[in-house]
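What follows is a set of notes on a single structure, which appears directly below.
Note that the structure is predicted; figures quoted are calculated from it, not measured. Letters A, B, ... are given to chains in the order of the sequence lines, protein chains preceding strands, and every chain is numbered from 1.
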Amino acid sequence: MAKHALRSSGGHMWRSLACAKSELRLELTLACGQSFRWRESGEGHWTGVLGGRVWTLTQTDDTLWYHVYKNREGQTCGPAGTSSPGVKTSETRTKGAVKEVDELVAVASVKDAEEEEEMLRDYFQLNVKLEELYADWRAADPHFKHIADIFTGVRMLRQDPTECLFSFICTSNNHISRIQGMVDRLCLALGAPLCQLDQTSYHDFPALAALADSSVEARLRDLGFGYRARFLQQSAKQILDTHGLQWLKGLRSVPYLQARDALRTLPGVGNKVADCVCLMSLDKAEAVPVDTHVWQIAKRDYKYATGNRQKSITDKLHRDIGDFFRKLWGPFAGWTQSVLFCADLKKFQKLKEMPRLVQPKKEEEDEEETRIACKKKKIKTEENGTVKRAKTKPAGHKKANLSVKNERVV
DNA sequence: GCACGACCTTA
DNA sequence: AAGGTCGTG
């Protein structure tokens, strides 16, 4: 039976990409709740599905290593139709055709290799220079600076919009470990099988058509999705019925607020989920998903609206907190937020206890600097919801209005 | 604009 | 309660 690749044990073909850890740290980026599709299959080795192929990734100081699982024919390990064209299976081969087929295999694998390197660069958005962004954020925000020494290399993934949307519909009122299990079961139940490694089956994320089928709600309720089962099926159906297959991806070339409002017309998609999809799959780096957690961070670390006793996060609070962080961090505020979010996750707290070269700063000093930084940028942190900022616009309504240009200036 | 409760499960 | 959303008042 096929096994998960391990770089140390040989027997698998590995390719590599130059990439410093300051630009990417797999163990943070793949496990901080952006994607629910990656598992640590061996020490420092991460296995998951990306673009219909099964990958294992690992890294050394300056190199990102990757293996893509193939069968003996050189085909991508997956269902018929997703592999390189022109490659015959062994059953259909005749002796005379072997050489020709081998050449086709060789050509196909070179093409695959180029394609796969590009897939990885695209997925990790390696054209974005994270170190430079960190430098900007450190200069703008003392609290970020405090976190940034430990949590380097936390980078935004550029995910498939369908996978991102339907995964995040599952996140409401939920926690990461359960979400991971649910997304797993979703793929197993409705996604095309790709391959099996050790005891694990890998499936592609379900297609929109598979999610839209009327049998899906009952099926997913049985699998423990609760009330989200209906949201998933209805959203898929609504997209196919009223927009079409390419609609979601098309939102990549539309301004942030327009894309967000369009997503919010879908059942089970409110401010938070829409912002996640915008940030993580639709190229909206300025989208700041505000959940209870981020609100805690805003109050605790930025003294934002400390007097506010609101129980739930209203539309207005979403807007105001988003604006606050965009003003502090700039046009990649969503990326910054993910670093702080990651640093706040329970599973990464042990990293903070490890000895560091830099002497940790006293907390009061840190807070005072935060206050000064906010004051410099003229950002209010202690308003209690009654103070309005000049550029705040009225709440977006539920219906997407593609003709209105209400893109916010950041 | 804001508060509240319901919604499915599991820890 | 958990990385919310939706309907109602």
Donor-acceptor pair under 3.5 Å, A/R178 side chain vs B/dC8 base: yes
Write down the distance between CD1 (A/I169) and P (C/dT5), rounded to a whole number of angstrom. 10 Å
Gap in Å between the two C1' atoms, one belonging to C/dA1 and one to B/dA6, rounded: 15 Å
Rounded interatomic separation in angstrom, taking NE2 from A/H318 and C1' from C/dG3: 11 Å
Applying a 4.0 Å non-hydrogen cut-off, can you work out what A/F168 is touching in the nucleic acid: base, sugar-phosphate, or nothing? nothing
Taking A/R178 for its side chain and A/H175 for its backbone only, find out whether a donor-acceptor pair lies under 3.5 Å. no
Send over the distance from A/D291 CG to C/dA1 P, rounded to a whole Å. 17 Å
Roughly, in whole Å, what's the span from CG in A/L317 to C1' in B/dC2? 11 Å
Position toward the 5' end of DNA chain B (nearest nucleotide), A/S312 or A/R221: A/S312
Out of B/dC7, B/dG1, B/dC4, which has the shortest distance to the side chain of A/R319? B/dG1
Whole angstrom value for the distance that separates P of C/dT5 from CD1 of A/I313: 9 Å
Is the Lys NZ or Arg CZ of A/R7 less than 6.0 Å from the centre of A/W14's six-membered ring, within 45° of the axis? no
Of all the choices, B/dC4, B/dG1, B/dT10, which nucleotide is nearest to the side chain of A/H175 once you look at every atom? B/dT10
So that I can tick it off, tell me whether A/R219 and A/D213 are bridged by a salt bridge, with the cut-off set at under 4.0 angstrom between side-chain N and carboxylate O. no
Using a heavy-atom cut-off of 4.0 Å across all strands, would you classify A/I179 as base, sugar-phosphate, or nothing? nothing
Out of B/dC8, B/dG1, C/dG4, whichever nucleotide has its closest atom nearest the side chain of A/K316: B/dG1
Just how far, in rounded Å, is C1' of C/dG3 from NZ of A/K299? 15 Å
State the pairing partner of B/dC8; accept Watson-Crick or G-U wobble contacts with both distances under 3.5 Å, and report none otherwise. none
Separation of C/dG7 P from A/Y227 OH (nearest whole Å): 14 Å
Looking at every strand, decide which applies to A/V294 at a 4.0 Å heavy-atom threshold: base, sugar-phosphate, or nothing. nothing
For the side chain of A/D198 and the backbone of A/H4, is there at least one donor-acceptor N/O pair under 3.5 Å apart? yes
Just to confirm, is there a sub-4.0 Å distance from OP1 or OP2 of B/dC2 to any side-chain nitrogen or oxygen of A/T314? yes
Over all atoms of both residues, closest heavy-atom pair of A/A343 and A/Q349: O-NE2, 2.9 Å
Euclidean distance, atom CG of residue A/L223 to atom P of B/dT9 [Å, nearest integer]: 11 Å
Please walk me through it: do A/R260 and A/N271 pass side-chain hydrogen bond (donor to acceptor under 3.5 Å, both in side chains)? CA-CA 8 Å; A/R260 183 167 138 281; A/N271 279 317; 3.0 Å; yes
Base, sugar-phosphate, or nothing for A/C342, non-hydrogen atoms under 4.0 angstrom? nothing
So, is A/T292 close to the C/dG4 phosphate, meaning a side-chain N or O under 4.0 Å from OP1 or OP2? yes
